[in-house]
Colleague: 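Following this message is one structure expressed as structure tokens.
Numbering of residues begins at 1 and proceeds along the displayed sequence. Quick note: numbers below take in every heavy atom, side chains included, and nothing from hydrogens, waters or symmetry partners.
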Amino acid sequence: MAQVSRNKQVILTDYVTGFPKQSDMNIVDSTITLKIPEGSNDLVLLKNLYLSCDPYLRILMTKDTTAELGALTPGSPLTGFGVSKVVESRDPDYKKDDLVWGMTKWEEYSLIPTAQILFKIEHTDVPLSYYTGILGMPGMTAYAGFFEVGSPKKGENVFVSAASGAVGQLVGQFAKLHGCYVVGSAGTKEKVDLLKNKFGYDEAFNYKEEPDLNAVLKKYFPEGIDIYFENVGGKTLDAVLLNMRVHGRIPVCGMISQYNLDQPEGVTNLAHIIYKRVRVEGFAVFEYYHLYTKFLEFVLPLIREGKIAYVEDVAEGLENGPAALIGLFTGQNVGKQVVVVAHD
């Protein structure tokens, strides 16, 4: 007889309008049979260990979202990136107790298509939670966005918004390692201190305390910005456009300031894209996963040698997942937000 287990889940109660709230998600005690059903050879049974809280999830909670990843469904568990342990698999590539990362569900155990696993975890001398961040999707996002889309050259001037977040903290450090001058913006004094003292940013400022973003950018970039790594959109983007250098690049990773607005804010300085011949390019990390092995060869030695700092904000327990996710949109998290479902 196959074992039946409790399976706590985080369910989306309804499509979200405005800022997400606790009531948009529900913690449900369900059950699951810990066996792959007969004839379902393309499924794998996972025990979820760490879940990733990412701003893009908000986009998927909107009715009629245009996101390529597909909308979340009310009445079903949230879906997102996570680190899991294989309980059962009929795929020769995965066996019991293998550690993997990829798309899973916000629950204790998940039965998912094998295709949703992105990579098997081979390096376990680093914390497993790192595969929700620096060694997972956000790490690849920082790497691809900065090096592939940003095409940096040594000595260039780099500005990063949401600079202490999961992606921003890595972009800034990659830029410093590449020999660039780097400035970051964040939303609290604590985060600004982190940028300067832990992540090695040359300068950093609290955007909430700057009534004139154009003036503060002119102060830190008297010669202008070569690369703006865009995480926020809105007023920050508008001010940056006035300060780009000729042939500057703007890799567009996210626009967290816009996700909860019914009516997005307009950007008024777009003509500067012409005046300065700026390249603005949106990108999605899943188009760069073919570089994952190359990325690990680059970043693992930096982690092991202590040449890169990485800050996580850890919420213990699935029941604390909704609050952790909501907190992203008011800047509650310091660094990469992770939810621990189980430690092993």
Colleague: Quick check: do Y310 and I303 have side-chain heavy atoms less than 4.5 Å from each other?
Modeller: no
Colleague: Closest heavy-atom contact between G321 and V339?
Modeller: CA-CG2, 3.8 Å
Colleague: Check for a donor-acceptor pair, side chain of T132 on one end and backbone N or O of V338 on the other, with a separation under 3.5 Å.
Modeller: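 Judged by distance alone, no pair lies under 3.5 Å.
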Colleague: Looking only at heavy atoms, which two atoms of G327 and N333 are closest? And how far apart?
Modeller: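 It is O-OD1, 3.9 Å.
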Colleague: Could you tell me whether the side chain of S161 and the main chain of N231 form a donor-acceptor pair under 3.5 Å?
Modeller: yes
Colleague: Could you go through R249 and Y228, starting from their C-alpha distance and side-chain angles, then the distance that decides it, and tell me whether this counts as side chain to side chain contact (heavy atoms under 4.5 Å, CB included)?
Modeller: CA-CA 7 Å; R249 284 83 69 205; Y228 168 47; over 6 Å; no
Colleague: With a sphere of 6.0 Å drawn around NZ of K120, does it hold more than 12 non-hydrogen atoms of other residues, nucleotides or ligands?
Modeller: yes
Colleague: Verify whether one side chain among T114 and D42 offers a donor that lies under 3.5 Å from an acceptor in the other.
Modeller: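 D42 and T114 do not have a side-chain donor-acceptor pair below 3.5 Å.
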Colleague: Taking all non-hydrogen atoms of both residues into account, name the closest pair between E107 and P77 and its distance.
Modeller: OE1-CG, 3.8 Å
Colleague: Determine the minimum heavy-atom distance between A166 and Q169, stating which atoms define it.
Modeller: O-CG, 3.7 Å
Colleague: Side chains of L325 and W106, heavy atoms from C-beta outward: is any pair under 4.5 Å?
Modeller: yes
Colleague: Just how far is it from atom NE2 of H123 to atom OH of Y130, taken to the nearest 0.5 Å?
Modeller: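 It is 15.5 Å, given to the nearest 0.5 Å.
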Colleague: How about D313 and C53: do any of their side-chain heavy atoms sit closer than 4.5 Å?
Modeller: no
Colleague: Take F81 and Y131, measure what ring-ring contact (aromatic ring centres under 6.0 Å, His included) needs, and give me the verdict at the end.
Modeller: CA-CA 9 Å; F81 290 92; Y131 289 91; over 10 Å; no
Colleague: Please identify which of these residues, K196, K189, K191, meets the side chain to side chain donor-acceptor pair (under 3.5 Å) condition with D193.
Modeller: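 The passing option is K189.
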Colleague: Are more than 12 heavy atoms from other residues, nucleotides or ligands located less than 6.0 Å from atom CD of E223?
Modeller: no
Colleague: Should the heavy atoms of other residues, nucleotides or ligands under 6.0 Å from NZ of K198 be counted, would the total exceed 12?
Modeller: no
Colleague: Could you tell me whether K219 and E210 make a salt bridge, using a distance below 4.0 angstrom between a side-chain N and a carboxylate O?
Modeller: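 Salt bridge absent between K219 and E210.
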Colleague: Walk me through it: do V311 and F199 pass the test side chain to side chain contact (heavy atoms under 4.5 Å, CB included)?
Modeller: CA-CA 9 Å; V311 172; F199 300 137; 3.5 Å; yes
Colleague: Output the distance between atom OG1 (T268) and atom CG (L270), rounded to the nearest 0.5 Å.
Modeller: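 If I round to the nearest 0.5 Å, the distance is 7.5 Å.
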Colleague: For residues Y289 and I112: do they belong to one hydrophobic cluster (side chain heavy atoms under 4.5 Å, members Ile, Leu, Val, Met, Phe, Trp, Tyr)?
Modeller: no
Colleague: Do F146 and C180 have side chains that get closer than 4.5 Å, going by heavy atoms?
Modeller: yes
Colleague: To the nearest 0.5 Å, what is the distance between CG (N214) and OG1 (T236)?
Modeller: 12.0 Å
Colleague: Please check if any side-chain donor atom of K218 sits under 3.5 Å from a side-chain acceptor atom of N243, or the reverse.
Modeller: yes
Colleague: For T17 and K63, does a side-chain donor sit closer than 3.5 Å to a side-chain acceptor?
Modeller: no
Colleague: Strictly by modelled atom types, are Y288 and T141 linked by a side-chain donor-acceptor pair under 3.5 Å?
Modeller: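 Note: Y288 and T141 side chains miss the donor-acceptor criterion.
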Colleague: Should V28 and I32 be counted in the same cluster of Ile, Leu, Val, Met, Phe, Trp and Tyr side chains packed under 4.5 Å apart?
Modeller: no
Colleague: Distance check, rounded to the nearest 0.5 Å: H178 atom NE2 versus I227 atom CD1?
Modeller: 7.5 Å
Colleague: Other residues, nucleotides and ligands only: do more than 12 of their heavy atoms fall within 6.0 Å of CD on E190?
Modeller: no
Colleague: Provide the closest heavy-atom pair for D97 versus K85 in the form atom of the first, atom of the second, distance.
Modeller: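 Minimum heavy-atom separation between D97 and K85: OD1-CE, 3.5 Å.
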Colleague: Kindly work out whether a path of hydrophobic side-chain contacts (I/L/V/M/F/W/Y, heavy atoms less than 4.5 Å apart) joins L46 to L43.
Modeller: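 Hydrophobic grouping puts L46 apart from L43.
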Colleague: Just by modelled atom types, is the R6 backbone N or O under 3.5 Å from a matching donor or acceptor in the T31 side chain?
Modeller: no
Colleague: With distance as the sole test, does S257 use its side chain to make a donor-acceptor pair with the main-chain N or O of V232 at under 3.5 Å?
Modeller: yes
Colleague: Within the distance-only criterion (no hydrogens, no angle test), does the side chain of Y292 pair as donor or acceptor with the backbone N or O of L135 below 3.5 angstrom?
Modeller: yes
Colleague: Please give me the minimum heavy-atom distance between P322 and V10, naming the atom from each residue.
Modeller: CG-CG1, 3.9 Å
Colleague: How long is the straight-line distance from CD1 of I326 back to NZ of K21, given to the nearest 0.5 Å?
Modeller: 8.5 Å
Colleague: Are more than 12 heavy atoms, taken from residues, nucleotides or ligands other than D125, located less than 6.0 Å from that residue's CG atom?
Modeller: yes
Colleague: Under 3.5 Å, side chain of Q258 to main-chain N/O of E265, donor-acceptor pair present?
Modeller: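 Answer holds: yes.
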Colleague: When the ring planes of F174 and Y143 are compared, do they come out parallel, tilted or perpendicular, using 30° and 60° as the limits?
Modeller: perpendicular
Colleague: Can you confirm whether the side chains of E312 and S129 place a donor and an acceptor under 3.5 Å from each other?
Modeller: yes
Colleague: Let me confirm one number: the CG-CE distance from N269 to M244, rounded to the nearest 0.5 Å.
Modeller: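 Here the rounded value is 12.5 Å.
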Colleague: In plain terms, say whether K235 and D238 are close enough for a salt bridge, that is, a side-chain N and a carboxylate O under 4.0 Å apart.
Modeller: no
Colleague: Under the 3.5 angstrom rule, does the side chain of R279 hit a backbone N or O of V149 as a donor-acceptor pair?
Modeller: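 Side chain of R279 to backbone of V149, a donor-acceptor pair under 3.5 Å: yes, one is there.
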Colleague: Begin from the C-alpha positions of E230 and L237 and carry the test side chain to side chain contact (heavy atoms under 4.5 Å, CB included) through to its verdict.
Modeller: CA-CA 7 Å; E230 167 67 302; L237 174 59; 3.3 Å; yes
Colleague: Under 3.5 Å, is there a donor-acceptor pair between the N48 and S110 side chains?
Modeller: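 On atom types as modelled, these side chains qualify, holding a pair under 3.5 Å.
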Colleague: Checking side-chain polar atoms at under 3.5 Å, does S52 have a donor or acceptor matched by the opposite partner on D54?
Modeller: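 Result is yes, a qualifying pair exists.
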Colleague: Which residue, K47, K35, K96, K95, forms the salt bridge (charged side-chain N to carboxylate O under 4.0 Å, His left out) with E88?
Modeller: K35
Colleague: Quick one: does any side-chain atom of N7 pair with a main-chain N or O of S30 as donor and acceptor, under 3.5 Å?
Modeller: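 Pair absent, no side-chain N/O of N7 close to backbone of S30.
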Colleague: Hey, mind stepping through I27 and L318 against side chain to side chain contact (heavy atoms under 4.5 Å, CB included) and telling me if it holds?
Modeller: CA-CA 8 Å; I27 312 290; L318 201 51; 5.7 Å; no
Colleague: Are L170 and W101 grouped together when hydrophobic residues (ILVMFWY) are joined by side-chain heavy atoms under 4.5 angstrom apart?
Modeller: yes
Colleague: E156 side chain to K153 main-chain N or O, any donor-acceptor pair under 3.5 Å?
Modeller: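 Looks like yes, one N/O pair under 3.5 Å.
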Colleague: Take a 6.0 Å sphere around OH of Y275 and say whether it holds more than 12 heavy atoms from other residues, nucleotides or ligands.
Modeller: no
Colleague: Quick check against the 3.5 Å criterion: does Y259 have a side-chain atom that pairs as donor or acceptor with the backbone of M255?
Modeller: yes
Colleague: So if you build clusters from Ile, Leu, Val, Met, Phe, Trp, Tyr with side-chain heavy-atom gaps below 4.5 Å, do L128 and I117 land together?
Modeller: no
